[in-house]
Structures are given as structure tokens and as C-alpha cells.
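First listed ligand is number 1; within each ligand, the first listed atom is number 1. Throughout, residue positions are numbered sequentially from 1 according to the sequence presented.
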Amino acid sequence: MEERFRDWSLRFSWKDYPRSNFHGFTIEEDEKTVKRAMRLLMNCQAPPRIHQELKDRQYAYELIAFGHRLVRRRNWRLILEAYTQALMFAPPNSTLLAHCHFYCSVVLYLARFYKEGLFHANRALAVGPVDNLKSKVYICKARCIYEMNGERRCPEVQEAIMNAHIWLGSMNEGDVGRSDVIDSINVLNRARLLQERMETDHDQNEELTIPDDNEKIMQASSAIEIKFNDEDQGRYIAATRDIEAGEILFAHKSYASTIYARMQNEYCWHCSKHILVGVPCNQCPMVLFCDENCRDVAWNEYHDLECLAISAMMEMDMDANEIMSLRLLIKAYKEADCSIDKLRAKLIALQNITDPVEKLYTNGRFDNMKYASIFSLTRRFPVVSTHAARAIIILLCLSATTNIFGEKITDYLGLLQTEGTKFMGCLIMRHIGICYNNAVGELENRSNEICLQMNPLLSLFNHSCDPSVLVHTHRDVKYCIAIKNIARGEQIYRCYLPDNWIMNLPRRRAFLLESFNFNCECNACRNNWRRSFQRDPPSYRFRNYPIAVINQWNLITHNFPSEGDTYSANLPLYSKFFR
Ligand SMILES: C[S@@+](CC[C@H](N)C(=O)[O-])C[C@H]1O[C@@H](n2cnc3c(N)ncnc32)[C@H](O)[C@@H]1O
């Protein structure tokens with residue numbers, strides 16, 4: 001992307017635009033910029049071809065055939081990947097989709113992921129497989145439940161076996177697998193079964209108390225407040241009372257979370273949960289959800305508008321950051337009842353609020369789930385010239401795939417001539433800058449990036465290389481825990497450095513300047529401390545934390561394991577099975 005816009009950016013100067021308020025350019029200035037950028041683009045670049053990836057039955061068949069061919073190689077991860085892709089390309093509610101779910105279910109059963117295997121067997125049955133497949137699906141279901149329950153008796157197994165028996169009649173004598181079904185029915189019937197119900201996922205734990213007594217900040221501890229200091233680092237989080245090491249300060253769901261392109265088959269597009277395979281979107285073949293609930297919530301909140309635009313964006317190599325910028329726009333638009341005029345009026349009113357903390361509030365409170373908490377977050381300026389170009393391309397992807405501007409628009413001239421496009425473009429541009437400065441990446445096995453999350457309260461913590469809190473992530477929820485005693489009135493810092501780096505002073509300063517565009521003025525840097533002091537557990541440093549911190553950390557990570565770590569914990573199981 002950078003390469004593509006380099007020539008264009010050189011012709012474009014930002015120096016004319018004054019930094020007119022604490023948090024950057026105004027909406028009116030940004031709109032002028034976007035308009036000017038549209039004109040420039042129109043003169044020097046043809047609009048990109050908007051490619052929309054749609055469901056493709058033929059391609060799904062090819063992927064299934066590819067999966068079948070891989071079976072001989074016994075690499076279940078590759079097989080699963082092929083079937084998962086097929087699942088994403090299969091049309092909704094088709095027997096083909098039911099087949100894909102069934103194949104996933106078999107692979108997962110064989111890889112001993114019984115809960116996941118059951119999930120897919122149930123999905124296959126819900127979609128409705130052809131009659132001569134039903135018996136096999138019921139057997140797969142019975143086997144998964146049986147394995148989950150061990151030697152215990154379970155009525156669901158009996159019921160599944162009974163159904164397998166009933167549908168056996170639809171299989172021809174010569175059907176491949178008919179004898180397997182009969183064998184399975186016999187084996188399962190002979191087994192001694194008990195009646196305990198299946199385990200379900202328990203997300204909550206009574207012992208862990210999540211504070212929610214803050215009158216100004218929703219779902220946070222009253223021990224913190226948002227403050228502002230014009231001379232120093234702008235807004236910050238401070239302690240309203242003495243805080244003890246180990247206290248949880250807040251547990252906030254992220255405002256938005258987007259998965260990196262290469263991880264889209266493995267993590268839920270909505271809640272970032274790790275999934276071996278999930279439920280596809282009904283319209284696009286690009287994303288997966290952990291279940292129907294996440295799919296429907298995502299559809300209603302944003303995915304209906306981003307659905308086809310993201311496939312066009314991915315075709316142009318745009319990644320989680322750009323998709324996040326679009327996601328923020330859609331969520332803001334929906335919050336304003338899908339009216340561009342209403343959104344603009346609302347944001348102008350927000351912009352006119354002079355108090356930088358009040359600007360973040362909705363109905364007098366900081367609400368992490370409302371757009372006001374995002375709109376005035378700090379933006380990164382130095383690369384902003386390419387932001388305008390990217391914003392316009394994203395806008396084009398949106399306008400070519402939805403009717404958000406009345407009718408579909410596919411070129412720059414159309415954008416220039418249509419009401420509301422400059423404003424929406426300026427918002428996307430703003431979001432790109434905000435995302436660079438504020439979106440937090442999550443790592444898998446501490447190396448590959450899984451997703452990007454926007455968590456506005458977390459964004460208000462300033463950085464220190466010797467921080468006072470640690471943040472743990474479970475799916476799209478961030479848990480913030482004090483790692484030292486903090487005195488009343490003190491500023492509370494988190495660390496922006498990547499978890500697994502130990503960096504000396506020049507390297508960490510260079511990193512912060514490059515990534516966040518500020519010269520670090522933290523205590524550790526001012527006093528020339530040579531090493532980074534913040535290290536995520538497990539580390540040598542973690543052993544030195546007070547016992548209250550270690551206990552609390554263990555409790556949180558035990559109940560809410562990070563998705564990346566859960567995944568790595570499962571890996572040995574996979575490899576053993578096929579050895
Ligand atoms: C994610 S924001 C933090 C909240 C911000 N202070 C606000 O007013 O919204 C990051 C910005 O805060 C400032 N900042 C945070 N930590 C800093 C530090 N250690 N030294 C200097 N500036 C810092 C920088 O301007 C940086 O771009």
C-alpha cells in the first residue's frame with residue numbers, strides 16, 4: 001500500500017493545515033483535505049477495480065475434493081483448512097454447506113476435538129444434509145458425545161444412534177460408508193452409557209470479582225478517573241484512592257476487534273475466540289464466526305455493511321488496520337440511526353466541547369461501547385498524507401458495495417459529486433490515524449498477530465517503560481490489573497512496548513517514536529534506565545511481583561485464558577494423534 005501511494009503522497013502537502021485543536025484537525029479541515037485528495041486521485045490514478053468475493057459453489061467443490069485428496073497425507077490441519085475454506089464458499093442453507101460441516105465434523109472427531117466435532121455435526125443437521133448423508137452425520141454426532149462423556153450413559157447418544165438407524169434406510173446398499181455406519185451403531189449400542197449431561201463452556205467464575213462501581217466510567221473500578229493536563233501528556237488515568245497491587249481496575253469488552261487476514265479461518269470475526277472451524281457468513285466467503293449468535297450480532301452491528309467491502313479491500317492488500325477504520329465508521333453511522341447528517345451534526349457538537357475529557361462522554365459518562373469514546377482519541381500525524389488516499393479507496397470499496405450513499409458509486413468523480421462522501425471519507429481518514437496510535441494487537445503463541453482491538457479506556461493510559469498495570473486479553477475483553485501499589489492522585493501507566501521484548505533505552509525510544517510518534521518522557525527513560533522493566537509473565541521479572549499480583553493474574557488467566565495460548569496448548573495433542 002505504502003508503495004502504491006508514494007508518488008501520489010509526494011504531491012500532497014499537509015503543511016497548510018494548522019493543528020487547530022488539542023486532538024488534531026477539525027472535521028471541516030479534514031473534509032477539505034479529503035475533497036482535495038479526491039481531485040488529486042482523479043487526475044493521477046484510475047479508480048481501483050472493486051472485486052467482490054462471493055460464495056462460489058464450484059470452488060467449494062474443488063476445495064472439498066482437495067481436502068479428500070489430503071486425507072491420505074493424514075495431516076489433519078491441512079485437511080481441516082481445506083474443508084473450512086469450502087465451508088466459507090458454500091452457499092448458505094445448501095446441502096453443500098451441510099456436507100462441509102459434516103466433513104469438518106469427521107476431521108475434528110478424528111483429531112479428538114469432540115466438542116468441536118459435535119458442533120459441526122449439529123450444524124450439518126440444522127442446515128439439512130441430503131437424506132443418504134443423515135445417517136453418517138448422526139453417527140458422527142453419537143461418537144463425539146460418547147467420547148465427551150467417556151463411559152457415562154447419555155440419552156443424547158441413544159437418540160443419535162436411533163436417528164442413524166432410521167436414516168440408514170435412505171442409504172443404498174452400495175453406498176460408501178454404509179457398513180461403517182452399521183458397525184458404529186453396533187459398537188455404540190454395546191457400550192455402557194451413563195446419563196450425565198455434556199459439559200458446557202463456563203466463562204464466569206464466582207471467585208473473581210470484576211469491579212463496576214465507577215460513576216463516571218462504565219464497568220470500571222471507582223479507584224480510577226480520567227484527567228487532563230495541557231502541559232504534559234494530555235489525558236491520562238489517575239488513582240482516586242490508594243490502589244493495592246493485584247486490584248483489577250477494569251474488564252472491558254473492546255469496542256471493535258478485527259482479525260488479520262491470515263488468521264480469518266481460525267478466529268471468530270466478532271469476538272476473537274479461537275475456533276477450529278466455525279459458522280460462515282451467509283453472504284461473503286471471507287470470515288468465520290464461533291457460532292450463530294456472534295454471526296447475527298456482527299451482522300446487525302456492522303457486518304451487513306462491511307461484508308462485501310472487506311473482500312474488495314483485502315484484494316487490495318488492506319489489512320486489520322484499514323478494516324478497523326471502516327468498522328469504526330460503520331458503528332458510528334449505525335449509532336446515529338444510519339443517518340449521515342445526524343452523525344455529522346453529532347460529531348460537530350462533540351468537537352465543539354472544549355473539555356478533552358467531557359468530549360469522550362455519552363450522557364455524562366465514559367461508555368466504552370459508544371463512539372464518543374473513540375472520536376477524539378489521539379491520531380498519528382506523520383504518515384497522514386497516505387491516510388487520505390487509503391481513506392478514499394476504503395470509501396470507494398464501501399460505496400461500490402452498499403447503498404449507503406443512495407446508489408452504488410465506483411469512481412472518484414461519483415464520490416466528488418455525492419453528498420456525504422467527503423464527511424465519511426474524512427472520518428475514515430481520522431480512524432486510520434486513530435488506529436495507528438491506539439489499536440492494540442494480540443499475538444498467538446507470542447509471535448503471530450491474531451487480531452487488532454480498539455479499547456478506548458486502555459487508550460487513555462499513557463505509556464511508561466516501568467508501568468503500574470498489566471493487561472490480559474481473553475477474546476475481545478481486556479482485564480487491567482495493578483502490578484504495584486499506586487498512591488492516590490498518582491498517574492497510572494501501562495506499557496506500549498511489545499510483551500516479549502527486552503529493549504535497551506535507545507531501542508525502546510526509537511520504537512515508541514516510530515510506532516506512536518512521541519518521545520518517551522517516562523520515569524525510566526528520563527532517568528536513563530537501560531532495560532525495559534515491563535515483562536509479561538512468565539518471565540524473570542514476573543517472579544518479583546507481589547504475591548497478590550501473581551495470585552490475581554493466575555486467577556484471571558486460569559478462568560479467561562488468552563486465545564493464543566489455548567491454541568498452543570492444544571497443539572501437542574494434534575501432532576501426537578497422527579504420528
Ligand atoms: C494512546 S494515547 C494516550 C492518551 C493521550 N494522552 C490522550 O490525551 O488521549 C498516546 C499519546 O499520549 C502521549 N504519551 C503517552 N505516553 C507518553 C510518554 N511516556 N511520553 C510522552 N508522551 C506520551 C503521546 O502524545 C502519545 O501519542
| task | Any chance you could lay out the salt bridge (Lys or Arg N to Asp or Glu O under 4.0 Å) test for R344 and E31, step after step, and finish with the verdict? | result | CA-CA 11 Å; R344 192 172 187 282; E31 278 175 335; 2.7 Å; yes
| said: Please report whether ligand 1 has a polar contact with H463, defined as an N or O pair separated by less than 3.5 Å (distance criterion only). | reply: yes
| query | Which of the atoms in ligand 1, numbered in the order shown and given with their element, are less than 4.0 Å from a heavy-atom of G234? | reply | 8 (O)
| remark: When every non-hydrogen atom of I248 is compared with those of P211, the smallest separation belongs to O-CG, 3.1 Å
| said: Quick test of your reading of the structure: of N462, I226, I434, whose heavy atom lies closest to atom 14 (N) of ligand 1? | reply: N462
| query | Are K331 and E306 close enough for a salt bridge, meaning some N to O gap below 4.0 Å? | reply | no
| said: For T378 and N437: C-alpha separation, side-chain torsions, deciding distance, then whether side chain to side chain donor-acceptor pair (under 3.5 Å) applies. | reply: CA-CA 7 Å; T378 51; N437 234 17; 3.1 Å; yes
| message | Measuring from atom 20 (N) of ligand 1, which candidate in R526, E521, K359 has the nearest non-hydrogen atom? | response | E521
| query | Is the closest heavy atom of N517 to ligand 1 under 4.0 Å? | reply | no
| query | Looking at CD1 of I392 and CE of M424, how far apart are the two atoms once the value is rounded to the nearest 0.5 Å? | reply | 14.5 Å
| query | Between OH of Y496 and CG of N462, what distance do you get to the nearest 0.5 Å? | reply | 5.0 Å
| said: Please identify which of these residues, N455, T473, N368, meets the side chain to side chain donor-acceptor pair (under 3.5 Å) condition with K478. | reply: T473
| said: So for C520, does at least one of its heavy atoms come nearer than 4.0 angstrom to any atom of ligand 1? | reply: yes
| Could a heavy atom of L377 be found less than 4.0 Å from some atom of ligand 1? | no
| request: Please confirm whether N519 comes under 4.0 Å of ligand 1, counting heavy atoms of the residue only. | output: yes
| Non-hydrogen atoms of F516 versus ligand 1: any pair closer than 4.0 Å? | yes
| Has the side chain of N517 got a donor or acceptor atom that lies under 3.5 Å from a matching backbone atom of L513? | no
| request: Would you check whether Y496 reaches within less than 4.0 Å of ligand 1, judged by its heavy atoms? | output: yes
| query | Short list, please: which atoms of ligand 1 are under 4.0 Å from a heavy atom of N437? | reply | 27 (O)
| query | So is R235 polar-close to ligand 1, meaning N/O to N/O under 3.5 Å? | reply | yes
| task | Report, in ascending order of atom number, the atoms of ligand 1 lying under 4.0 Å from any heavy atom of N438. | result | 1 (C)
| message | Checking Y333 against E335: is there a side-chain donor and acceptor pair closer than 3.5 Å? | response | no
| field | Nitrogen or oxygen atoms of Q233 and ligand 1 under 3.5 Å apart | value | yes
